[in-house]
Amino acid sequence: MNANDTFGTAPSSATDANQAAWTREEFEARLRAKGTAYHIHHPFNVKMNSGGCSREQIRGWVANRFYYQINIPLKDAAVLSNCPDRDTRRRWVQRILDHDGYGDQEGGIETWARLADAVGLSRDDLWSQKMVTPGVRFAVDAYVNFARRAPWQEAVCSSLTEMFAPQIHRDRLAGWPEHYPWIESAGLAYFRSRITLAQRDVLHGLEVTLSHFTRREQQDRALDILQFKLDILWTMLDSIEKAFPQ
């Protein structure tokens, strides 16, 4: 069994087609309510942000999360490849540039690599992916495969976990300098940059989702898709926690 077989499409709810659609405001509120399942609440993340992780655990998390970072541009390229709307493509392509970099902008992948430098990971260890757990690889590949095979609006919807991301970055910026003084402060630049960028990306993702998923069965589908992405992020931490117990 592989990620392509299991997670080619997110699960869908069995909804009575005659049920009334929620208003845009109600629908957005239900999407945002999914934040209770965000991985900010995962025991490993709580432990990490409260100063309870060892150096080996921090390095394991950084190395595994890097696999997610380098796959985000592939996911976003899949959205572009499936999207016939030029205006959407012109806005969405910025996400690829944000991660891969362009011109004098180093991009999020390089900024994450500098986080790896700051926690004492070698670039060879990082780029070789030798520390990436099978569970993390499976989960991330599932996400990319979903974006490749789903309608582009559904792939956009799956990105809405970014609604909950600014707080997790603020927590790291607030707590890590005190809890992990051995981490060079320059390595936290990724967290600083993503607070603003995630807020910008959410505005576009919500615009697409609220405009496209207008019938009740579509709205239920959108909630399922967002839960699928939340499960991806949670599963990643499950795997990291097991691989780096101390």
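Remember, predicted model here, so these are calculated numbers, not experimental data. Residues take their numbers from the sequence shown, with the count starting at 1.
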| note | Here the pair of heavy atoms bringing P166 nearest to Q199 is CG-CG, 3.9 Å
| Minimum heavy-atom distance between A147 and N82, given as atom pair plus value | O-ND2, 3.3 Å
| Q219 backbone acceptor or donor facing D224 side chain under 3.5 Å | no
| Between L197 and R95, is any pair of side-chain heavy atoms under 4.5 Å apart? | no
| Distance-minimising heavy-atom pair for V156 and S159 | O-OG, 2.6 Å
| request: Please assess E110 against R123 for the test salt bridge (Lys or Arg N to Asp or Glu O under 4.0 Å), listing each intermediate value before the final yes or no. | output: CA-CA 11 Å; E110 176 58 28; R123 293 289 179 109; 3.0 Å; yes
| message | Can you tell me how far apart CZ (R137) and OH (Y67) are? Round to the nearest 0.5 Å. | response | 5.0 Å
| query | C157 versus W152: any side-chain heavy-atom pair under 4.5 Å? | reply | no
| Are F228 and Y38 connected in the hydrophobic side-chain network, where two residues link if heavy atoms are under 4.5 Å apart? | yes
| Under a 4.5 Å cut-off applied to non-hydrogen side-chain atoms, are I72 and D76 in contact? | yes
| remark: Nearest heavy-atom contact between S54 and Q57 is N-OE1, 2.9 Å
| request: Would you check if E162 and R194 make a side-chain contact, meaning some heavy-atom pair closer than 4.5 Å? | output: yes
Let me check something: any side-chain donor-acceptor pairs from residues 232-246 under 3.5 Å, sequence neighbours excluded? List them with distances.
residue	atom	partner	partner atom	Å
T235	OG1	D231	O	2.8
D238	OD1	H42	NE2	2.7
S239	OG	T133	OG1	2.6

| query | With the 4.5 Å side-chain cut-off for hydrophobic clustering, are I40 and I58 part of the same group? | reply | yes
| query | Does the side-chain contact (heavy atoms from CB on, under 4.5 Å) test come out yes or no for T111 and E106, once each step is laid out? | reply | CA-CA 7 Å; T111 309; E106 63 183 3; 3.3 Å; yes
| task | Determine whether N71 and Y143 make a side-chain contact, defined as any pair of heavy atoms from C-beta on separated by less than 4.5 Å. | result | no
| message | Ring-plane angle category for H169 and F191, please: parallel below 30°, perpendicular beyond 60°, tilted otherwise. | response | parallel
| field | Note: D98-R200 ion pair, threshold 4.0 Å (strictly below) | value | yes
| query | What closest approach, in Å, do T214 and A21 show between heavy atoms, and which atom pair accounts for it? | reply | O-CB, 3.1 Å
| Given E184 and R114, is the salt bridge (Lys or Arg N to Asp or Glu O under 4.0 Å) satisfied, shown in steps? | CA-CA 10 Å; E184 297 178 15; R114 289 201 287 112; over 6 Å; no
| field | Under 3.5 Å donor-acceptor, T209 side chain and L206 backbone | value | no
| task | Establish whether W92 and L74 are linked, either directly or via other cluster members, by ILVMFWY side-chain heavy-atom contacts under 4.5 Å. | result | no
| request: State whether a side-chain donor-acceptor pair under 3.5 Å links N49 with W176. | output: yes
| Main-chain N/O of T88 paired with D85 side-chain donor or acceptor, under 3.5 Å | yes
| Quick one: do E207 and R91 make a salt bridge, cutoff under 4.0 Å? | yes
| said: Count I, L, V, M, F, W, Y as connected when their side-chain heavy atoms are under 4.5 Å apart, and connections chain through other members. Are V93 and V79 then in the same cluster? | reply: yes
| field | Gap separating the CD atom of Q69 from the CG atom of L126, nearest 0.5 angstrom | value | 10.5 Å
| message | For F164, is there any backbone N or O sitting under 3.5 Å from a side-chain donor or acceptor partner on Q167? | response | no
| Donor-acceptor contact below 3.5 Å, side chain S193 vs main chain Y190 | yes
| task | Please examine the side chains of C53 and W61, heavy atoms only from C-beta on, and report whether any two atoms are closer than 4.5 Å. | result | no
| query | Can V132 be reached from F66 by stepping across I, L, V, M, F, W or Y side chains whose heavy atoms are under 4.5 Å apart? | reply | yes
| Any donor-acceptor N/O pair, N64 side chain to M131 backbone, under 3.5 Å | yes
| query | To the nearest 0.5 Å, what is the distance between CG (L80) and NZ (K75)? | reply | 9.5 Å
| said: Check whether S211 reaches the backbone of V208 with its side chain - one donor and one acceptor, N or O, closer than 3.5 Å. | reply: no
| message | Tell me if the CZ atom of R86 is crowded by more than 12 foreign heavy atoms within 6.0 Å. | response | no
| query | Quick one: CG on L31 to CG on L160, what's the gap to the nearest 0.5 Å? | reply | 6.5 Å
| task | Evaluate the ring-ring contact (aromatic ring centres under 6.0 Å, His included) criterion for residues W127 and W112: first the C-alpha distance (whole Å), next the side-chain angles of each, then the deciding distance (0.1 Å), finally the verdict. | result | CA-CA 11 Å; W127 282 100; W112 194 273; over 10 Å; no
| Is there a donor-acceptor pair closer than 3.5 Å between any side-chain N or O of Y180 and the backbone N or O of M48? | yes
| Using 4.0 Å as the upper bound for N to carboxylate O, is an ion pair formed by D220 and R30? | no
| field | Side chain to side chain, R55 and V119, heavy atoms closer than 4.5 Å | value | no
| Lys/Arg cation over aromatic F213: R221, 6.0 Å, 45° cone | no
| request: Mind listing the closest non-hydrogen atom pair of L188 and L115 along with its distance? | output: CD2-CD1, 4.4 Å
| query | Hey, what do you get for OG1 (T161) to CE (M163), rounding to the nearest 0.5 Å? | reply | 8.0 Å
| request: Using a strict 4.0 Å threshold on nitrogen-to-oxygen distance, state whether E28 and R32 make a salt bridge. | output: yes
| Hey, does the side chain of N145 reach the backbone of D141 with a donor-acceptor pair shorter than 3.5 angstrom? | yes
| Spacing of CG belonging to L210 relative to CZ belonging to R24, to within rounding of 0.5 Å | 4.5 Å
| query | With a 4.5 Å limit on heavy-atom distance, are the side chains of H204 and D201 in contact? | reply | no
| query | Would V62 and R59 count as a side-chain contact (heavy atoms from CB on, under 4.5 Å) if you check the C-alpha gap in whole Å, the side-chain angles of each, and the deciding distance to 0.1 Å? | reply | CA-CA 5 Å; V62 170; R59 290 169 182 153; 5.7 Å; no
